[in-house]
J.: 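Here's a structure for you.
Residues: numbered from 1 along the sequence shown.
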Amino acid sequence: MSALRLAIVAGEPSGDRLGADLVRALGEETGSRPELIGVGGEHLIAEGLDSLFDYSELSIIGFSAVIAQLPRLIARINQTAEAITAANPDCLVIVDSPDFSHRVARKVRRALPNLKIINYVCPTVWAWKPERAATMRAYVDHVLSIFPFEPEIVERLGGPPLTYVGHRLMDDPGLAQARRAQLSRRRTPQTDEPPLCLILPGSRRSEVSRLADVFGEAAGRLSELNPDMRFALLAGSRVERQIRDKVLEWDFNCAVLSGEEAKWQLFGAADVAVAASGTVLLELALAGVPHMSCYRLDPIARTLLNMVTTWTGALPNMIAGYPTVSEFYDNHLRAERLARLADLLARPGLHREAMISDFDLVWDRMQTSEPASKLAARTVLSVIGR
């Protein structure tokens, strides 16, 4: 089988990792490394991609920043579409980052109407702007889904054919290690070990600014409700300095750690977590850590709230199909509420056991027969007839 000529567009770190996993799996399935063209980061570059430009240019946060950079973004969309069209590859895979990658896909579809276009990571049509599902049919031939609830929703909304291939978290050795540690603690509880509360205020500076104060106040109150409670805060590299400065203001002891190894060790040892809304909720659920979801909207996001159609913002709830993780937002985000719920979830009892049981269900529903990258690769090859 000749080498696959693959165009790939990944506009953010998570998509870059997914894309690299897919490229490796395609190489294993076909017996030769794919020839790549497109946009990506360090992981795709390590697989042989000569990125058309530095994909960090696409990491623009905030309405004003997007407006200021709009001419350059449009130029990058055109550049990417033109390069892919000129290369005339066997297939185009767009990975997440729909604001950029879907605009590229539309242009490529007009230029190469017979080229198969595959979307890896379904846009969140289940959360807002559901009409996007049907619109995708014009330029997406197949969707590779990473959540088990998406196939039914996308079909109902009239979207393109979709295959659930699984989530790379299910193949992550760090998560597997954390889950094993939690299962071991459930089988043999360490009654003499002080409980541990994990504080996760987010990975963006804006998130930390909005949540750190109320998280600190809640943790301080929790230390009064349960004087034995220990605290640890996981800080991403982009916000570590900001977080360490904030923790200095707190009047209780809180360890600040960073890095993947520390993350999974904490997930394996934590009794409860207070977390910013995001993918971290799914990581906690899969590890088996009881937690709650917290978020504060910025003023612009608040004006768009009426466009949200989902009944929950927490992925564990979506996967379970019912509320299991409590969600606190804006005016409902109060330190006393967080502290009392954290205290309840950290103690042995029905509330803790029920949530852990719900998370076992989430784990079961996320399972696939093979690793996500292998299923994704086989689906790509099937779609393009290889």
J.: Does Leu248, at its CG atom, have more than 12 non-hydrogen atoms belonging to other residues, nucleotides or ligands within less than 6.0 Å?
T.: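 Above 12, so yes.
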J.: How far apart are the C-alpha atoms of His102 and Met136, what are their side-chain angles, what is the distance that settles it, and do they pass the side chain to side chain contact (heavy atoms under 4.5 Å, CB included) test?
T.: CA-CA 9 Å; His102 283 235; Met136 279 196 296; 3.5 Å; yes
J.: Can you tell me how far apart CG (Leu257) and CD (Gln265) are? Round to the nearest 0.5 Å.
T.: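 Between atom CG of Leu257 and atom CD of Gln265 there are 8.5 Å.
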J.: What I want to find out is whether Asp360 reaches Arg365 closely enough, with some N-O distance under 4.0 Å, to be called a salt bridge.
T.: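 Looking at Asp360 and Arg365, the cut-off is not met.
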J.: Treating Asp16 as the side-chain partner and Gly40 as the backbone partner, does any N or O pair qualify as donor plus acceptor under 3.5 Å?
T.: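 The answer is no, because no donor-acceptor pair under 3.5 Å joins these two groups.
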J.: Other residues, nucleotides and ligands only: do more than 12 of their heavy atoms fall within 6.0 Å of CD on Glu336?
T.: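 Atom CD in Glu336 is crowded, with more than 12 foreign heavy atoms closer than 6.0 Å.
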J.: Thinking salt bridges, do Arg221 and Glu217 make one under a 4.0 Å N-O criterion?
T.: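 Between Glu217 and Arg221 there is no salt bridge, as every charged N stays at least 4.0 Å from the carboxylate O atoms.
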J.: Ion pair present between Arg296 and Asp330, side-chain N to carboxylate O less than 4.0 angstrom?
T.: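 Looking at Asp330 together with Arg296, the answer is no, because their closest N to O distance does not fall below 4.0 Å.
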J.: Do Tyr164 and Phe147 have their ring centres less than 6.0 Å from each other?
T.: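 Here the rings of Phe147 and Tyr164 have centres that are no less than 6.0 Å from each other.
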J.: For the side chain of Asp171 and the backbone of Ala372, is there at least one donor-acceptor N/O pair under 3.5 Å apart?
T.: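 Side chain of Asp171 to backbone of Ala372: a pair is present.
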J.: Taking salt bridge (Lys or Arg N to Asp or Glu O under 4.0 Å) as the definition, give me every residue that meets it alongside Glu207, ordered by chain and number, with sequence neighbours left out.
T.: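 For Glu207 there are no salt bridge (Lys or Arg N to Asp or Glu O under 4.0 Å) partners, ignoring immediate neighbours.
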J.: Should Asp245 and Arg241 count as an ion pair when the cut-off is N to O under 4.0 Å?
T.: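 Answer for the salt bridge query: yes.
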J.: Using only heavy-atom distances, determine whether the side chains of His142 and Thr379 contain a donor-acceptor pair under 3.5 Å.
T.: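 No, no side-chain donor-acceptor contact under 3.5 Å.
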J.: Contact between Ile384 and Leu4 at the side-chain level, heavy atoms closer than 4.5 Å - yes or no?
T.: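 They are in side-chain contact.
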J.: Take atom CG in Asp364; do more than 12 heavy atoms of anything else shown fall under 6.0 Å from it?
T.: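 Enclosed.
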J.: Is there a salt bridge (Lys or Arg N to Asp or Glu O under 4.0 Å) between Lys263 and Glu283 once you walk through the steps?
T.: CA-CA 10 Å; Lys263 171 183 174 177; Glu283 294 174 336; 3.0 Å; yes
J.: Is any NZ, NE, NH1 or NH2 atom of the basic residue among Asp271 and Arg347 found under 4.0 Å from an Asp or Glu carboxylate oxygen of the other?
T.: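 A salt bridge is absent here (no side-chain N lies under 4.0 Å from a carboxylate O).
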J.: Look at the side chain of Arg132 and the backbone N and O of Pro123, then say whether any donor-acceptor pair between them is shorter than 3.5 Å.
T.: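 Checked: no pair found.
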J.: Rounded to the nearest 0.5 Å, what's the gap from CH2 on Trp363 to CZ on Arg179? Could you check?
T.: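 So the gap between those two atoms works out to 5.0 Å.
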J.: Quiz question: by atom type and distance under 3.5 Å, do the side chains of Ser277 and Glu327 form a donor-acceptor pair?
T.: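 Glu327 and Ser277 do not have a side-chain donor-acceptor pair below 3.5 Å.
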J.: Could you tell me whether Arg109 and Asp141 have a side-chain N and a carboxylate O separated by less than 4.0 Å?
T.: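 Salt bridge between Arg109 and Asp141, a charged N being under 4.0 Å from a carboxylate O: yes.
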J.: Are side-chain N/O atoms of Arg76 and Gln79 paired as donor and acceptor at under 3.5 Å?
T.: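 Looking only at side-chain atoms, Gln79 and Arg76 do form a donor-acceptor pair, the distance falling under 3.5 Å.
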J.: Take atom CG in Asp54; do more than 12 heavy atoms of anything else shown fall under 6.0 Å from it?
T.: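 More than 12 within 6.0 Å, yes.
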J.: Can any side-chain N or O of Arg244 pair as donor or acceptor with the backbone N or O of Val256 at less than 3.5 Å?
T.: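 Judged by distance alone, yes, a pair lies under 3.5 Å.
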J.: Backbone N or O of Val165 within a donor-acceptor pair of the Thr163 side chain at under 3.5 Å?
T.: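 Absent.
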J.: Is it true that a side-chain atom of Asn119 and a backbone atom of Val121 form a donor plus acceptor pair closer than 3.5 Å?
T.: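 Looks like yes, one N/O pair under 3.5 Å.
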J.: What distance do Phe100 atom CZ and Ile77 atom CD1 have between them, rounded to the nearest 0.5 Å?
T.: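 Between atom CZ of Phe100 and atom CD1 of Ile77 there are 5.5 Å.
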J.: Between Leu338 and Phe215, does the side chain to side chain contact (heavy atoms under 4.5 Å, CB included) criterion hold? Intermediate values first, please.
T.: CA-CA 8 Å; Leu338 304 185; Phe215 278 15; 4.1 Å; yes
J.: CD of Glu155: more than 12 outside heavy atoms within 6.0 angstrom?
T.: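 Atom CD in Glu155 is not packed in, count stays at 12 or less.
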J.: Do the side chains of Asp21 and Arg24 get close enough for a salt bridge, i.e. N-O under 4.0 angstrom?
T.: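 A salt bridge links Asp21 with Arg24.
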J.: Working to the nearest 0.5 angstrom, can you tell me the gap between Ser56 OG and Glu12 CD?
T.: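 Those atoms lie 13.0 Å apart.
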J.: When the aromatic ring centroids of His291 and Phe359 are compared, is their separation below 6.0 Å?
T.: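 Yes; Phe359 has its ring centre under 6.0 Å from that of His291.
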J.: Does either side chain, that of Gln182 or that of Arg185, offer a donor lying less than 3.5 Å from an acceptor on the other one?
T.: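 Per modelled atom types, Gln182 and Arg185 side chains form a pair under 3.5 Å.
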J.: Check this for me: does any side-chain nitrogen of one of Glu370 and Arg378 sit under 4.0 Å from a carboxylate oxygen of the other?
T.: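 Between Arg378 and Glu370 there is a salt bridge, with a charged N closer than 4.0 Å to a carboxylate O.
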J.: Would you find a donor on one side and an acceptor on the other, under 3.5 Å apart, between the side chain of Arg5 and the backbone of Pro34?
T.: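 Pair absent, no side-chain N/O of Arg5 close to backbone of Pro34.
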J.: Atom CG of Leu286 and atom CG of Asp172: how far apart are they, to the nearest 0.5 Å?
T.: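 Interatomic distance, Leu286 CG to Asp172 CG, rounded to 0.5 Å: 10.0 Å.
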J.: For Arg337, enumerate each residue passing the side-chain contact (heavy atoms from CB on, under 4.5 Å) test, keeping only those at least two apart in sequence or located in another chain.
T.: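 In terms of side-chain contact (heavy atoms from CB on, under 4.5 Å), with neighbours along the sequence ignored, Arg337 is linked to Phe328, His332, Arg334.
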J.: Salt-bridged, Lys374 to Glu28, with N to O below 4.0 Å?
T.: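 The answer is no: the pair does not qualify as a salt bridge.
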J.: Kindly indicate, with the supporting measurements, whether the criterion salt bridge (Lys or Arg N to Asp or Glu O under 4.0 Å) is fulfilled by Asp90 and Lys116.
T.: CA-CA 7 Å; Asp90 296 315; Lys116 294 294 185 183; over 6 Å; no
J.: Just how far is it from atom OG1 of Thr309 to atom CD1 of Ile153, taken to the nearest 0.5 Å?
T.: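 Rounded to the nearest 0.5 Å, the OG1-CD1 separation comes to 9.0 Å.
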J.: For the backbone of Asn317 and the side chain of Thr324, can you confirm whether one donor and one acceptor N or O come within less than 3.5 Å of each other?
T.: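 No; zero donor-acceptor contacts below 3.5 Å.
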J.: Under a 4.5 Å cut-off applied to non-hydrogen side-chain atoms, are Ser97 and Tyr55 in contact?
T.: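 Contact flag for Ser97/Tyr55 side chains = no.
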